[in-house]
Protein chains: 2
Amino acid sequence: MTSKPNVRQPSHVACRDCSLSSLCLPLALSLQDIDQLDRIIKRGRPLKKGEHLFLEGDPFTSVFAVRSGAIKTYTATNEGEEQITSFYLPSEILGLSGMDTDVYPVSAQAMETTMICEIPFDQLETLSDHFPELRRHMMRLMSKKIREDQQMMMLLSKKNADERIATFLINLASRFRRRGFSSQSFRLSMSRNEMGNYLGLAVETVSRVFTRFQKNGLIYAVGKEIEIRDPVQLCSLAGGKAVDIEQIISSV
Amino acid sequence: MTSKPNVRQPSHVACRDCSLSSLCLPLALSLQDIDQLDRIIKRGRPLKKGEHLFLEGDPFTSVFAVRSGAIKTYTATNEGEEQITSFYLPSEILGLSGMDTDVYPVSAQAMETTMICEIPFDQLETLSDHFPELRRHMMRLMSKKIREDQQMMMLLSKKNADERIATFLINLASRFRRRGFSSQSFRLSMSRNEMGNYLGLAVETVSRVFTRFQKNGLIYAVGKEIEIRDPVQLCSLAGGKAVDIEQIISSV
DNA sequence: CGACTCTTTGATAACCCTCAATCTGTGTGG
DNA sequence: CCACACAGATTGAGGGTTATCAAAGAGTCG
């Protein structure tokens with residue numbers, strides 16, 4: 001299988017051997033096509049916690065896939081504070097929103113030690129000229145991102161603190177599950193502060209809600225480790241569409 | 001120019017003769033290519049106020065361009081209320097967020113009498129197989145939408161009522177200007193209720209802010225007609241990035 | 001002109017933010 | 001190895017912004 005001898009680090013696993021390939025870009029490609037994608041992907045050294053993948057305003061050159069760890073993207077408010085716009089977990093793709101501006105509209109920073117696959121965009125475009133499926137997959141990714149952002153807008157404009165945090169936890173749980181990890185208990189890669197920033201809440205509010213959820217037996221949390229104790233009620237609080245809830249409850 | 005004799009209604013203007021073509025999909029196409037796009041576009045009868053273009057859950061078949069009038073998209077919250085996700089003005093494209101689900105994730109409704117160009121998606125995909133520029137244009141559209149949604153998330157999570165409404169008005173003004181209309185005075189196609197729904201505010205708050213803005217000489221508003229009296233201060237309230245503000249102030 | 005919706009205005013209260021203090025955990029240097 | 005410094009997390013008190021409730025005014029359409 002791995003004819004190339006350069007498997008010096010786990011970061012050099014080929015796409016076809018990557019456990020995340022079924023979730024990531026190669027999804028739509030045949031084995032042979034994957035090798036072509038594989039050739040254009042750059043796998044850099046791991047990013048340490050706090051290191052930046054790119055900065056707001058940097059020239060847009062690549063999209064990125066998270067292999068392990070976690071990335072946050074953020075932009076600066078006019079008062080100079082940071083506003084977190086997304087968290088990215090393994091197999092998730094970031095950088096697509098820079099496409100129409102030639103610069104990244106957000107900064108991307110590692111929240112823990114993180115391995116990244118970098119996909120130079122001009123080469124990805126060239127490649128996608130020949131693989132309509134790859135093209136459609138990228139369009140679908142962007143379309144999905146738009147829908148997710150709209151869910152987020154709904155959260156921010158209609159939900160109270162309890163509902164926001166319940167939604168956030170359920171969302172994380174289902175993303176962990178999709179990657180094959182436990183969705184009942186997992187480790188939050190972000191601080192309470194980052195969570196509040198993302199959810200439009202003060203740190204203190206996040207903390208209070210966590211405490212209350214724990215008192216009521218919805219979750220059990222020590223530090224960043226979290227266990228979902230009552231997925232049904234948590235989903236009910238999150239208040240997604242019924243159809244989504246079914247899926248998530250069965251997954252937690 | 002117009003060799004086809006079927007110009008029975010304004011809605012049957014060909015893309016190459018459409019005053020919005022420089023803003024809409026044909027942007028990236030040569031005159032000859034535009035004609036090919038033109039052939040696949042369906043131009044239905046005008047939608048009357050309140051009529052739906054599509055409903056949440058309808059099978060995804062087409063993307064749409066607004067020719068005149070205005071469209072809102074909304075989704076139902078779990079309590080059954082509507083949550084408006086976007087307003088679309090002439091030359092703007094809607095429906096792209098349905099691409100990865102095969103159904104529209106939102107409903108689209110005319111806020112006034114509205115003319116629409118419908119672009120069947122399968123044909124658009126076929127066409128874009130041959131025109132890389134069309135493809136890139138669509139990707140850019142989606143990328144732009146993602147950035148706009150993220151601006152909206154920032155508005156919802158960090159801005160107070162005054163700032164939200166200032167931002168909304170400045171945004172509308174710049175969109176009107178882009179279409180060649182006055183950005184100093186224009187007509188709101190949405191009700192106070194719809195505006196509040198979109199901005200995450202109660203109707204009463206919207207009304208109060210309008211009254212206060214008027215008292216302070218920022219705007220002059222009677223009903224849906226609105227005039228921007230102090231664009232500098234309004235922009236300052238909106239608090240966008242400095243570079244954007246410059247552009248907008250000069251435009252109002 | 002009457003029924004309707006939309007808008008405005010006022011009073012009240014809920015929710016969450018801010019400020020402040022304490023507590024916990026983590027890493028660093030003596 | 002411990003003590004200390006520091007950042008993050010928790011808890012409490014108080015106040016501000018905006019939602020909610022209620023009612024009246026303005027505009028619209030049959």
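Keep in mind it's a predicted model, so treat the numbers as computed, not measured. Reckoned from all heavy atoms, side chains included, excluding hydrogens, waters and symmetry mates. Lettering of chains follows the sequences in order, A, B, ..., and the numbering in each one begins at 1.
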query: A/Gln109 side chain to A/Gly50 main-chain N or O, any donor-acceptor pair under 3.5 Å?
result: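 Present.
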message: Please check: side-chain N/O of B/Gln233 versus main-chain N/O of B/Asp230, any donor-acceptor pairing under 3.5 Å?
response: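 No, the answer is negative, given that no donor and acceptor are paired below the 3.5 Å cut-off.
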Which residues satisfy the side chain to side chain contact (heavy atoms under 4.5 Å, CB included) test with [X], sequence neighbours excluded?
X	value
B/Lys48	B/Glu51
B/Ser107	B/His52, B/Leu55, B/Glu56, B/Tyr74
A/Glu92	A/Tyr88, A/Leu89, A/Arg175
B/Ala108	B/Leu53, B/Phe54, B/Ile71, B/Thr73, B/Leu94

- prompt: Within the structure shown, what part of the strands sits under 4.0 Å from A/Lys158 by heavy-atom distance: base, sugar-phosphate, or nothing?
  reply: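 Counting heavy atoms under 4.0 Å across all strands, no contact is made by A/Lys158.
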query: Looking across every strand, which nucleic acid part, if any, lies under 4.0 Å from B/Ser207 by heavy atom: base, sugar-phosphate, or nothing?
result: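 Touches a base.
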Tell me: [atom1] of [X] to [atom2] of [N], nearest whole Å?
X	N	atom1	atom2	value
A/Leu188	D/dG8	CG	C1'	14 Å
A/Ile219	D/dA9	CD1	P	14 Å
A/Met111	D/dG8	CE	C1'	16 Å

Check: B/Ser157/A/Gln83 side-chain N/O donor and acceptor closer than 3.5 Å: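 There is such a pair (donor and acceptor under 3.5 Å, judged by atom type) between the side chains of B/Ser157 and A/Gln83.
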message: Could you check whether A/Lys159 and B/Thr77, counting side-chain N and O atoms only, form a donor-acceptor pair closer than 3.5 Å?
response: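 Not at all, the side chains of B/Thr77 and A/Lys159 share no donor-acceptor pair under 3.5 Å.
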At a cut-off of 3.5 Å, list every protein nitrogen or oxygen paired with a nitrogen or oxygen from nucleotides 25-30 of chain D, distance to 0.1 Å.
none

- prompt: What residues, two or more places apart in sequence or in another chain, satisfy side-chain hydrogen bond (donor to acceptor under 3.5 Å, both in side chains) together with A/Glu227?
  reply: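 For A/Glu227, the residues satisfying side-chain hydrogen bond (donor to acceptor under 3.5 Å, both in side chains) (neighbours in sequence not counted) are A/Arg229.
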field: Residues which pass side-chain hydrogen bond (donor to acceptor under 3.5 Å, both in side chains) with A/Lys72, listed by chain and number, not counting sequence neighbours
entry: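 So A/Lys72 forms a side-chain hydrogen bond (donor to acceptor under 3.5 Å, both in side chains) with A/Glu82, A/Glu194.
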message: So if I take the C1' atoms of five pairs at each end of the helix from C/dC1-D/dG30 to C/dG30-D/dC1 and get each local axis, what angle do the two axes make, rounded to 10 degrees?
response: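 End-to-end axis angle: 40°.
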task: Give me the first and last nucleotide of DNA chain C, going 5' to 3', that has any atom under 4.0 Å from a heavy atom of chain B.
output: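 On DNA chain C, the outermost contacted nucleotides are C/dT7 to C/dA11.
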message: Looking at every heavy atom in both B/Val66 and B/Leu20, which two are closest together, and how far apart are they?
response: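 For B/Val66 versus B/Leu20, the nearest heavy atoms are O-CD1, 4.0 Å.
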- request: Tell me whether the OP1 or OP2 atom of D/dT11 has a side-chain N or O from A/Thr211 closer than 4.0 Å.
  value: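 Yes, because at least one side-chain N or O of A/Thr211 sits under 4.0 Å from OP1 or OP2 of D/dT11.
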Under 3.5 Å, N/O pairs linking protein and nucleotides 18-23 of chain D:
from   : atom 1 : to       : atom 2 : distance (Å)
D/dT18 : OP1    : B/Ala161 : N      : 2.6
D/dA19 : OP1    : B/Gly200 : O      : 3.2
D/dA19 : OP1    : B/Ala202 : N      : 3.3
D/dA19 : OP2    : B/Ala202 : N      : 3.2
D/dA19 : OP2    : B/Thr205 : OG1    : 2.4
D/dT20 : O4     : B/Arg208 : NH2    : 3.1
D/dC21 : N4     : B/Glu204 : OE2    : 2.9

message: Strictly by side chain to side chain donor-acceptor pair (under 3.5 Å), give each pair with a member in residues 200-225 of chain A just once, sequence neighbours left out.
response: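 Residue pairs with at least one partner in residues 200-225 of chain A: A/Asp162-A/Arg212.
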field: Residue pairs involving residues 183-206 of chain B (criterion ring pair (Phe, Tyr, Trp, His ring centres under 6.0 Å); sequence neighbours excluded)
entry: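 Sorted result for residues 183-206 of chain B: B/Phe87-B/Tyr198, B/Phe168-B/Tyr198, B/Phe176-B/Phe186.
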